[in-house]
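First up is the structure itself, then whatever we jot down about it.
Everything numeric in this text was worked out from a predicted model, so none of it was measured.
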Amino acid sequence: MEKIKAMITGVQGYVPEYRLTNKELEKMVETNDEWITSRTGIKERRILKGENQGTSVMGIEAAKGLLEKTNTDPKDIEVVICATVTPDMPFPATANIIADKIGAKNSFSFDISAACSGFLYALQLGSQFIESGTHKKVLVVGADKMSSIVDYKDRTTCILFGDGAGAVLLEPAEGDLGIRDAILRSDGSGEPFLHMKAGGSRRPASHETVEAREHYAYQEGSTVFKFAVTNMADASAEVMERNGLKGDDVAWLVPHQANKRIIDATANRMGVGPEKVMMNIERYGNTTAATIPLCLWDYEKQLKKGDNLILAAFGGGFTWGAIYVKWAYDPK
């Protein structure tokens, strides 16, 4: 009996209305549009405004839109996984909140924290619930409100990040469609180069940590860049080689939207031309766990059944990986 595979049967995204442009950032920190654009490819990013508005707000909107779009009864959803590093609160899980608000009363739900690789980790884990034969409908959400942990006095990080959410529905695959292979890695020695110092059990929140501005994302840009270029490209090339794929066989590279230069380096290593690279970093910036599903949402109408996709990411931790997906449906 052939092993069950999981396939993506729908995708939906959500981004807040407010646009934080490079021009506006020029008034906040010492930077300029040309510098930001040339180094990152970002022109603007979306920011979730308002009181008591957490990551779940965006995840709920993406999930609701997905259920409506795929004509799925929320009571049929069996698992909800949310990839995020900006949960509404330490507990309950943001996935619990999303599941409740969309009416997924028969599901169990939990969060995954793997920074910018979070969606890949969640997608692979969600697919394994399908592959086990015990579950038939799994909702995977990637969502982050990065504006909540960005220091808008730090010009090296505040230009990079935005807020957003994306969601996909996983169901049992037909034929050779669906999630075919995955290579996921991590290396905890990367902690000093990309982390948030305080707010966890090691350094709980205090007057001292707040005054020292330790509740914001910190990164050593040059080191992270080198690791990202090498590892994201290596994982993508490895998953292609393992499945006998050449550059011409790949319809789309779906890369984490961290930096245009990292994306270009990954595409070059894979032998994939720029016309095959999904890119929306100029409009959304780095939305961490949301970047890959937001790309799939933006490009959905260009995807065709049977297309070979390579999803690739690199994030804090360090975490990284690549997933080979054979797309399951034609545009509607």
Side-chain angles (χ1 to χ4, degrees), residues 16 20 25 28-31 40 42 45-59 81-98 110-119 121-122 141-165 186-228 256 258-259 285-291 313-320:
L20 177 60
L25 279 172
M28 299 164 63
V29 290
E30 186 181 341
T31 191
T40 69
I42 302 169
R45 61 291 289 150
R46 301 296 184 95
I47 304 296
L48 183 63
K49 296 280 192 176
E51 294 294 320
N52 204 33
Q53 301 288 291
T55 294
S56 68
V57 170
M58 299 180 292
I81 307 172
C82 180
T84 186
V85 289
T86 55
D88 282 26
M89 55 194 79
F91 62 89
T94 300
N96 296 170
I97 299 169
I98 294 170
F110 58 94
D111 290 354
I112 281 183
S113 178
C116 300
S117 305
F119 181 76
Y121 278 42
V141 180
D144 272 300
K145 184 184 178 182
M146 292 305 293
S147 62
S148 67
I149 61 169
V150 166
D151 185 352
Y152 286 97
K153 293 185 177 180
D154 177 6
R155 67 175 186 166
T156 64
T157 57
C158 73
I159 64 172
L160 301 173
F161 296 101
D163 304 337
S186 61
D187 180 358
S189 68
E191 177 204 336
F193 310 111
L194 184 50
H195 63 273
M196 191 169 80
K197 287 185 172 68
S201 59
R202 186 194 298 180
R203 289 182 62 77
S206 66
H207 287 296
E208 289 74 23
T209 63
V210 172
E211 288 171 2
R213 308 184 74 79
E214 292 182 352
H215 293 266
Y216 297 117
Y218 165 83
Q219 77 167 0
E220 190 175 294
S222 60
T223 302
V224 173
F225 179 86
K226 291 172 187 173
F227 268 86
H256 168 55
N259 180 304
N286 182 350
T287 55
T288 304
T291 64
F314 180 89
F318 290 133
T319 61
W320 68 94

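Closest approach of A83 and F119 over heavy atoms only: CB-N, 3.7 Å. L194 approaches G315 most closely through the heavy-atom pair CD2-C, 4.2 Å. Heavy-atom minimum distance, G164 versus A290: O-CB, 3.4 Å. Residues V141 and G59 approach most closely at CG1-CA, 4.0 Å, considering heavy atoms. When all heavy atoms of Y152 and M28 are compared, the pair lying nearest together is CD2-CE, 3.6 Å.
Summarising the geometry, atom CE belonging to M89 is positioned 9.5 Å from atom CZ belonging to F91; distances are rounded to the nearest 0.5 Å. Going from atom CG of L20 over to atom CD1 of I42 covers 10.5 Å, rounded to the nearest 0.5 Å. Summarising the geometry, atom NE2 belonging to H215 is positioned 12.5 Å from atom OG belonging to S148; distances are rounded to the nearest 0.5 Å. For the atom pair CZ of R202 and NE2 of H195, the computed distance is 8.5 Å after rounding to the nearest 0.5 Å. Rounded to the nearest 0.5 Å, atoms CG (N259) and CG (L160) are 7.5 Å apart. A distance of 15.0 Å separates CD1 in I149 from OH in Y218, rounded to the nearest 0.5 Å.
The closest donor-acceptor contact from the side chain of K197 to the backbone of T209 lies at 3.5 Å or more, if one exists at all. Remark: side-chain polar atoms of R45 are paired, donor with acceptor, to backbone N or O of I159 under 3.5 angstrom. Counting only distance, with no hydrogens or angles, the side chain of D144 and the backbone of T86 share a donor-acceptor pair below 3.5 Å. The backbone N or O of T94 lies less than 3.5 Å from no partner atom in the side chain of S56, so there is not a single donor-acceptor pair. Judged by distance alone, with hydrogens and angles left aside, the side-chain atoms of D163 form a donor-acceptor pair with the main-chain N or O of M146 at under 3.5 Å.
Contacts of A114 classified as side chain to side chain contact (heavy atoms under 4.5 Å, CB included), with partners at least two apart in sequence or in another chain: I112, Y121, T319. Under the rule for a side chain to side chain contact (heavy atoms under 4.5 Å, CB included), the partners of K49 that lie at least two apart in sequence or sit in another chain are Y18, I47.
T291 is not listed as a side-chain neighbour of C116, based on a closest heavy-atom distance of 4.5 Å or more. For the pair T84/M58, no side-chain contact is recorded, criterion being any heavy-atom separation below 4.5 Å from C-beta on. Looking only at side-chain heavy atoms (C-beta outward), F161 and T288 come within less than 4.5 Å of each other. Side-chain contact between Q219 and T157: present, with at least one pair of heavy atoms (C-beta onward) separated by less than 4.5 Å. In this structure the side chain of F318 reaches within 4.5 angstrom of the side chain of F193, judged on heavy atoms.
Listed by first and then second residue, the salt bridge (Lys or Arg N to Asp or Glu O under 4.0 Å) pairs that reach into residues 146-161 are D151-R213, sequence neighbours excluded.
Between the side chains of S117 and H256, no donor-acceptor pair of N or O atoms lies under 3.5 Å. For the 3.5 Å distance criterion, the side chains of T55 and D88 fail to qualify, holding no donor opposite an acceptor.
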Assess whether side chain to side chain contact (heavy atoms under 4.5 Å, CB included) is satisfied between F110 and I81, documenting all intermediate values. CA-CA 5 Å; F110 58 94; I81 307 172; 3.7 Å; yes
